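Lettering of chains follows the sequences in order, A, B, ..., and the numbering in each one begins at 1. Since the structure is predicted, the reported quantities are computational estimates derived from the model, not experimental observations.
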Protein chains: 2
Amino acid sequence: MATGRTHRPATRSRGIPEATVARLPLYLRALTALSERSVPTVSSEELAAAAGVNSAKLRKDFSYLGSYGTRGVGYDVEYLVYQISRELGLTQDWPVVIVGIGNLGAALANYGGFASRGFRVAALIDADPAMTGKPVAGIPVQHADALEDIVRDNGVSIGVIATPAGAAQQVCDRLVGAGVTSILNFAPTMLTVPDGVDVRKVDLSIELQILAFHEQRKAGEDAAADDDAAPAPAAVKGAAAAAAAAAAMDEADPKGTDGEAPAVMPA
Amino acid sequence: MATGRTHRPATRSRGIPEATVARLPLYLRALTALSERSVPTVSSEELAAAAGVNSAKLRKDFSYLGSYGTRGVGYDVEYLVYQISRELGLTQDWPVVIVGIGNLGAALANYGGFASRGFRVAALIDADPAMTGKPVAGIPVQHADALEDIVRDNGVSIGVIATPAGAAQQVCDRLVGAGVTSILNFAPTMLTVPDGVDVRKVDLSIELQILAFHEQRKAGEDAAADDDAAPAPAAVKGAAAAAAAAAAMDEADPKGTDGEAPAVMPA
DNA sequence: GACTGTGAAAAGTTTCACAGCT
DNA sequence: AGCTGTGAAACTTTTCACAGTC
């Protein structure tokens, strides 16, 4: 992150704000829906409504990409779809490996977003020998031993980690060692990676906890002063219990820290 | 979002920045790990490292909660765990319903974070009659017809939507109608909700697209000027294809709009 | 001496409002 | 007349750096 790698040959004017990049997929989705309905042009106001942002923000965002609109008219849907796709790097297809084919990994493999074009699921990898060869979403699971070969043979640069928390760092290290430079981490743990490797994290328990925070706020609108349920002096002990609850989320799988067969399957 | 509902009775000094709230679960996780190892106190530096942020940010974040540290010493782990848990509303337990027991919904039901305490999976709901009664993660799936009753009977205020995109808004409306005021949305679609209802969105395809953006940047270090693969004039057509890829992600399930039995379970 | 808590500066993001093109 | 593109203002978040406390 702190890499001073902003060499930029000053060709155009690069350097799109991170906040804007995070919204481009949103716009792309809205645009694609319009494209499918053969809508030829769209105004910033309409598109913004469809994407759930306000129009000033959208126009500002697009201004970082260039001037792709027409004043008095709006944006050409197809053209904008192309420009955003290109900006996001979706005009090429990215082979992706998913490591950890437990419940979540299997769901991801089946997820339309992964199976469809743009991102191609190049391989599914799991440490459990019992899984090896088993097809999930039509793709046979391969054993973790082959991880490095798979990554190299397929030129994979994006890896998805869906293992239990305990295995994530090790898997990450091996992915990176084999040449992966972008990681989407579903394991609820912090990954340490060398400079130049990107990690994005999707954390289900965190999202829920943020919701709980706001939910609590709504409930406590009047009961401002006191907690009702919290025992004041013995609190610290009760705290540990409550926290354990939140902490239990630290395992994608309730038990095993090893990459071993998750006890998740009901059998 | 534009609700001017900042009534705040000025009792203490409320109003924790959103960015801080989003990090509290991270700290909580790191703290709980320390608690389990019976570490009594921790410095901002150590905790920050464990949570993957810098120490100044962490101290600033904690300063919004109050002064829970001791200068020259650090923070009492148990105490801080309690304070953060309380702040997040995790000292009470939240009944949650998951709607849409396809691949993703099943994975969520099995996910440690949902099944563990703090958040209790009160019910699993699916529109497919074939699913009704089937146990997933030990909980029998109930039919969508009963949604309103389930929400009311269990006092559910948090709902998780894991349906295909096409069903999400309708499910959302029904949840909200029945009294749910916080929604975690996994369907890749924008939800419209009345004021006072919170929506958080987890979108797998968006995260991948953001990774692709950065990945592309790394690759294109020298090839600054031209795209190599992009056909310039015929581009707009190729664009549509690439975009279709991204758009295909708009369905949580590749095919069926119904919540048919997921291929997730190996058995 | 070690470490927190916090003002103040810097950086990043959003919103406003309007000039400028079609 | 309608709508984009963008400077400038407002707001939020991060970082700095150090006074204050143990």
Quick note, Lys60(A) side chain, CB onward, closest among dT13(C), dG5(C), dT15(C) is dT15(C)

Gln169(A) meets the side-chain hydrogen bond (donor to acceptor under 3.5 Å, both in side chains) criterion, sequence neighbours left out, with Asp173(A)

Applying side-chain hydrogen bond (donor to acceptor under 3.5 Å, both in side chains) to Gln170(A) and not counting sequence neighbours gives none

Separation of dT15(C) atom P from Glu45(A) atom CD, nearest Å, is 13 Å

Sorted by chain and number, sequence neighbours left out, ring pair (Phe, Tyr, Trp, His ring centres under 6.0 Å) with Tyr27(A) holds for Phe62(A)

note: Leu80(B), atom CG; dG5(C), atom C1'; distance rounded to Å ~ 14 Å

### Query
Within the structure, does a side-chain N or O atom of Asn54(A) lie under 4.0 Å from either OP1 or OP2 of dT14(C)?
no

So the contacted stretch of DNA chain D, first to last nucleotide with an atom under 4.0 Å from a non-hydrogen atom of chain A, runs from dG2(D) to dA8(D)

Between NZ of Lys57(B) and P of dT4(C) the distance, given in whole Å, is 17 Å

Heavy-atom nearest pair, Thr20(B) first then Asp61(B), reads OG1-OD1, 2.7 Å

For Thr189(B), does its backbone N or O pair with a side-chain atom of Asn185(B) as donor and acceptor, under 3.5 Å? yes

Separation of dA2(C) atom P from Tyr75(B) atom OH, nearest Å, is 18 Å

Inset, instruction - Answer with base, sugar-phosphate or nothing: what part of the nucleic acid does Phe62(B) contact at a heavy-atom distance below 4.0 Å? - result: nothing

note: Glu18(A), atom CD; dT14(C), atom C1'; distance rounded to Å ~ 16 Å

Between CG of Asp61(A) and C1' of dT13(C) the distance, given in whole Å, is 10 Å

Assert: residue with more 5' nearest nucleotide on DNA chain C, out of Ala56(A) and Thr70(B), is Thr70(B)

When rounded to whole Å, the CZ to P distance for the pair Arg59(A) and dC21(C) reads 16 Å

The complete set of ring pair (Phe, Tyr, Trp, His ring centres under 6.0 Å) pairs with one or both residues in residues 189-217 of chain B, sequence neighbours excluded, reads none

From the candidates dT4(C), dC21(C), dT14(C), the one with an atom nearest any side-chain atom of Ser43(B) is dT4(C)

Residues passing the salt bridge (charged side-chain N to carboxylate O under 4.0 Å, His left out) test with Glu215(A), sequence neighbours excluded, are Lys218(A)

